[in-house]
Amino acid sequence: MRLSIDEARDAAREEGEEKSAVSGELRFPSPFEVETPLGAEGWQEMYPKHVLFSEERRESEEARLWFYNGMHFPEPMTPFDIITAESFYVAIGEMSARFFCIPPAMGIDFRVLNGYVYINSIPVLDPQKVQERAQLFQRRAGHYYANWERIYEGWRERVKQEIAALRAVSFPELPDIEPDELVFAERGIGTSMSVLEGYNRVIESLFRLAQIHSEIVMIGFAAYLTFYDFCKQAFPEISDQQITGMIGAIDVSMLRPDEEFKALARRAVELGIADKFVEGRDWQEVFAELRQSDAGQAWLREWDERSDPWFYVNSGGGLQHHFRAWVDDPSPIFGALIDYIRRVERGENLERDIEAQRQERDRITAEYRELLRTDEDRKAFDELIGLVRKVYFSIEDHRFFADHWYMSTFWNKLRELGQLFVDHGFFREVDDMFYLHWTEVSQALTDLLLSWSVGGEALGPRHWPSVVERRKAILAKLRKFNPPPALGVVPETIADPAIVMLWGITPDRLRAWLTPADGDGNILRGFPASSGTVEGPARVISSVNELETVQDGEILVCPVTEPSWAPIFTKVRGTVTDIGGVMSHAAIVTREYNIPAVLGTGVATKRIRTGQRIRVDGDQGIVTILD
């Protein structure tokens, strides 16, 4: 048995109505009420106890609001992949609570339910504490804001250094006899230490990268929220859409891979090999044929040159190992390359009209600035918008370096260790290692090194293959589970800027998920992310593997978008998502491509079917199902 989102909403509404008569609380289902899919019993053994909902913490866990983080973790987590939640939420918490001291927010806690990640924002409720933290935040974040361009440039260099250090890690084969040069180096350190140190360096690198990542992101969200609050107070009638309209028209690294794709499409036409790229052919077949001609080889050399680093974009969000980078497997977006080639042949312009976007941005900004009555207000407005434009750039720009280039390198480096385990019989396939938690991999590695050092028999080859097969079967069952959008009690306020800006989670949005639609049941409401109104047929997709089904002129309906989907935004007329706020990738990219969008509907992928005609009003945040 499982709860679908619709069933969860109905149950939550009934429970909320019953409880509201007594306490006034509105609730989603308790995490302890959600059942495990048939055949997935024992799923808890895959994860450390501290990341699970537990009877020991039941009272506090039931009293909090947990929402499904499908934005970063859209599929059930393999045991190893949980390290990304562990490392990033430690970093987000430290940067929020201990480092910058964001006044109302301590960071994000998380739990795993049926393999899916649920998160909870920890607020600061004591007004005196908020004031004390505000003074610290103003001083610490103020230093960053005053030096943002220099600090962000240094930030990018630190990420590049982490990538270089990660690439330098090696997992050498374990020899029968250590070589002379190792002995005569007189260090007394053997190959086992190289392997062990290498694994520890990879793990430490991720935890360090998570800190570096969160350093920029957390105060970036806070800066935008400060500007947002200023605008709402200065211009009471201003819409969220008009506020975001003042900060767009950016050219960030996260858009660069798509531009490289367009350049390769033009080169295919220039070299006379466009006919090799035919819809329905896979990339291996096309590449093999290109190797047979000089023009094809020239194009492939250019592919290689552009791919490092720009095709280190993975098809997911970077935080799960099975979403491979374009450089390793371009299958999910190869159809977009073919589409670009056809458009070049037709003489179409593939460029974004960024200058027109900037002119519109500047027009909106000037109009609102003129409404301010004092020089003091205009000065504050100028300073805030100058800051938020720089910060806004960084929020999307950083994703390429941290979430994609680094994370793709991280997963591939671990695959090198996985090969060592395969060579010694611990696993049947390299990626089997990801069905162990990273602390279990440490145990397996100790077993391997101990048995190799003495020539004994390791337990691993007799133990781990069956464990991996059982866990694969459990995860297959968990993929059929439909995670409720939220669990627990709807709070009166949500103060964490990341929760509001990135996920678009507010008490009003949560209440909307729980409340049946008034009047016309064909109307969905969400966040108005990108202006304009369009009508067209819907294309509902749930994974990157379905991107190739998207047709020109359709409206994309999905749980959440990913940066690697950028080529699709040249085809679709509008976008609707279940999850997303003003600083989410979907919000940023739809504004940059000038595509109307409504985000954070909570239920679009459940209420809309492919082929249905829908209207997307990106100004009002309304989606209407017309069929």
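Computation of the quantities below employed the complete heavy-atom set of this structure, encompassing side-chain atoms and omitting hydrogens, waters and symmetry-equivalent molecules.
Salt-bridge annotation for Arg156 and Glu153: present, with a side-chain N of the basic residue lying under 4.0 Å from a carboxylate O of the acidic one. For the pair Glu429 and Lys472, the salt-bridge criterion is met [side-chain N within less than 4.0 Å of a carboxylate O]. Electrostatic pairing of Arg470 and Glu45 counts as a salt bridge here, judged by a charged N lying under 4.0 Å from a carboxylate O.
Checked by atom type, the side-chain pair Asp329/Trp283 shows a donor-acceptor distance below 3.5 Å. Between Thr84 and Gln320, the side chains place no donor N or O within less than 3.5 Å of an acceptor N or O (distance only, hydrogens not considered). Donor-acceptor pairing under 3.5 Å is lacking for the side chains of Glu204 and Asn200. No hydrogens or angles considered: a donor-acceptor pair under 3.5 Å links the side chains of Glu215 and Tyr144. Counting only N and O atoms by type, the side chains of Trp452 and Ser192 include no donor and acceptor under 3.5 Å apart. In summary, the side chains of Asp81 and Thr78 do present a donor paired with an acceptor at a separation below 3.5 Å, with no hydrogens or angles considered. At a cut-off of 3.5 Å, with distance as the only test, no side-chain donor of Asp578 or Tyr68 sits close to an acceptor on the other residue. No hydrogens or angles considered: nothing links the side chains of Ser315 and Trp326 as a donor-acceptor pair under 3.5 Å. A donor atom on one side chain and an acceptor atom on the other are not found under 3.5 Å apart for His424 and Glu173. Side-chain N/O atoms of Tyr312 and Ser307 include no donor and acceptor closer than 3.5 Å.
In this structure, Phe261 has its ring center at least 6.0 angstrom away from the ring center of Trp310. Aromatic ring centres of Trp438 and Tyr199: separated by at least 6.0 Å.
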Mind running ring pair (Phe, Tyr, Trp, His ring centres under 6.0 Å) on Phe88 and His213 for me, showing each step along the way?
CA-CA 8 Å; Phe88 278 88; His213 166 278; 5.0 Å; yes
Kindly determine whether Phe287 and Trp303 satisfy ring pair (Phe, Tyr, Trp, His ring centres under 6.0 Å), including the steps that lead there.
CA-CA 10 Å; Phe287 280 27; Trp303 170 279; 5.2 Å; yes
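Using modelled atom types, one side-chain atom of Ser451 and one backbone atom of Leu448 make a donor-acceptor pair closer than 3.5 Å. Distance alone, capped at 3.5 Å, places no donor-acceptor pair between the Glu546 side chain and the Ile541 backbone.
Cation-pi geometry between Arg111 and Phe32 is not met at under 6.0 angstrom from the ring centre and within 45 degrees of the axis.
How far OG of Ser87 is from CZ of Phe410: 7.5 Å, rounded to the nearest 0.5 Å.
Heavy atoms only, all atoms of each residue included: Leu136 and Cys101 are closest at CD1-SG, 3.9 Å.
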